[in-house]
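Computed from a predicted structure; not experimentally measured. The chain is numbered in sequence order, starting from 1.
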Amino acid sequence: MAKKKVVVLDYGSGNVRSAVRALEAAGAEVELTADPEKVLAADGLVVPGVGAYASVMEQLTKLGALRWIGRRIAGGKPVLGICVGHQVFFDEGVEHGVKTAGIGEWPGTVERLQADVIPHMGWNTVRPPEKTKLFAGIENERFYFVHSYGVQKWEFDVTQPAMTPPQVTWSSHGTPFIAAVENGALSAVQFHPEKSGDAGKKLLSNWLETL
């Protein structure tokens with residue numbers, strides 16, 4: 001069977017090489033690029049992200065990537081966000097009292113975690129829903145997190161009866177926060193699958209099977 005072609009979006013975010021290697025290990029043919037034609041044509045697009053929410057949004061906007069990402073989602077072509085690349089799909093991020101508008105695919109505000117120890121760094125369990133595809137076979141595994149901010153409330157209102165509501169996975173650090181969302185063509189995870197060993201490899205493999 002031909003390998004799935006995946007683009008890791010190259011927009012200036014750090015630590016993308018490890019994501020490329022992890023996707024290759026999971027069985028994909030991977031290219032790190034910001035070429036619009038390749039971004040739109042790929043079987044899957046991965047949006048990585050490390051650092052500040054505002055900085056990631058600024059870089060994506062400057063590149064023109066928000067339009068490409070939107071076109072893929074509208075056309076049902078799979079997108080996977082990782083870490084801050086997960087956070088930007090919510091309405092907004094608040095860091096040091098400054099609000100930054102996000103992509104707005106999901107309602108919610110990315111805020112500082114309410115915990116005694118920040119950042120949340122290390123291995124943690126997750127609580128996926130019953131119909132999860134991303135976590136199939138790894139529901140009880142641990143994943144590697146590095147973050148100080150997260151979405152701590154889910155307020156998605158399904159206004160169309162025929163609409164399938166997003167599948168939300170939770171974790172906890174001081175307070176519950178959203179660890180992943182599966183929503184049709186768009187999926188995103190707060191943790192780093194590329195740093196999560198065999199469990200992360202299996203999650204990426206599960207995602208590749210949906211392409």
Side-chain angles (χ1 to χ4, degrees), residues 6-13 19 34 36 39-95 98-111 126 128-129 131-135 145 147 149-171 176-193 203-204 206-208 210-211:
V6 173
V7 162
V8 175
L9 186 60
D10 185 13
Y11 66 94
S13 177
V39 168
L40 291 169
D43 296 317
L45 173 67
V46 172
V47 181
V50 294
Y53 187 103
S55 174
V56 169
M57 280 302 300
E58 181 182 2
Q59 289 170 299
L60 290 171
T61 302
K62 187 184 296 183
L63 186 64
L66 300 183
R67 187 171 65 254
W68 315 335
I69 292 167
R71 282 180 61 184
R72 284 193 63 93
I73 294 170
K77 303 192 76 172
V79 176
L80 175 67
I82 294 176
C83 197
V84 185
H86 153 86
Q87 296 176 356
V88 294
F89 284 105
F90 289 87
D91 281 338
E92 62 182 8
V94 179
E95 294 181 350
V98 178
K99 286 186 179 182
T100 302
I103 296 173
E105 287 291 329
W106 303 314
T109 300
V110 179
E111 300 174 287
V126 298
K131 295 181 180 179
T132 180
K133 292 181 180 177
L134 278 184
F135 295 92
F145 292 83
H147 63 121
Y149 295 81
V151 178
Q152 295 157 58
K153 288 186 287 187
W154 178 255
E155 299 172 326
F156 191 89
D157 182 21
V158 178
T159 55
Q160 300 174 13
M163 183 179 180
T164 302
Q167 301 288 308
V168 181
T169 293
W170 292 86
S171 186
F177 66 89
I178 294 175
V181 182
E182 300 167 64
N183 184 198
L186 178 59
S187 297
V189 295
Q190 176 64 71
F191 53 85
H192 287 274
L203 181 132
L204 292 174
N206 286 346
W207 179 67
L208 292 173
T210 71
L211 305 191

Show the nearest heavy-atom pair for residues G51 and V84, with the distance to one decimal.
O-CG2, 3.4 Å

Within the side chain of Y149, is there an N or O that forms a donor-acceptor pair under 3.5 Å with the backbone of A52?
no

N/O donor-acceptor pair under 3.5 Å between S13 side chain and V50 backbone
yes

Sequence neighbours excluded and cut-off under 3.5 Å, please list the side-chain donor-acceptor pairs for residues 65-80, or say none.
from	atom 1	to	atom 2	distance (Å)
W68	NE1	G64	O	3.4
R72	NE	P78	O	3.4
R72	NH1	V39	O	2.8
R72	NH1	L40	O	3.4
R72	NH1	A42	O	2.8
R72	NH2	A42	O	3.1
R72	NH2	D43	O	3.3
R72	NH2	P78	O	2.9
K77	NZ	L40	O	2.7

Rounding to 0.5 Å, atoms CG (N206) and CG (L208) come to a distance of 9.0 Å

What's the shortest heavy-atom distance between D91 and G104, and which atoms?
OD1-CA, 3.6 Å

Would you indicate whether the side-chain heavy atoms of L134 and P128 approach each other to under 4.5 Å?
no

Sequence-distant partners of D10, side chain to side chain donor-acceptor pair (under 3.5 Å), two or more places apart
none

Taking side chain to side chain donor-acceptor pair (under 3.5 Å) as the definition, give me every residue that meets it alongside S171, ordered by chain and number, with sequence neighbours left out.
N124

Who pairs with A19 by side chain to side chain contact (heavy atoms under 4.5 Å, CB included), at least two apart in sequence or on another chain?
none

Pairs flagged by side chain to side chain donor-acceptor pair (under 3.5 Å) wherever residues 53-64 is involved - sequence neighbours left out
none

Sequence neighbours excluded, the answer for side chain to side chain donor-acceptor pair (under 3.5 Å) partners of T132 is E182

Quick one: side chain to side chain donor-acceptor pair (under 3.5 Å) partners of E105, sequence neighbours excluded?
none

What residues form a side chain to side chain contact (heavy atoms under 4.5 Å, CB included) with V181, not counting sequence neighbours?
H86, F90, W106, W154, P166, I178, N183

Would V6 and L211 count as a side-chain contact (heavy atoms from CB on, under 4.5 Å) if you check the C-alpha gap in whole Å, the side-chain angles of each, and the deciding distance to 0.1 Å?
CA-CA 9 Å; V6 173; L211 305 191; 4.0 Å; yes

Partner of Q87 under side-chain contact (heavy atoms from CB on, under 4.5 Å), picked from E92, M57, Q190, is Q190

Which residues satisfy the ring pair (Phe, Tyr, Trp, His ring centres under 6.0 Å) test with H147, sequence neighbours excluded?
H120, F145, F177

Tightest non-hydrogen contact, residues P129 and T169, listed as CD-OG1, 3.3 Å

Hey, does L60 have a side-chain heavy atom less than 4.5 Å from the side chain of L9?
yes

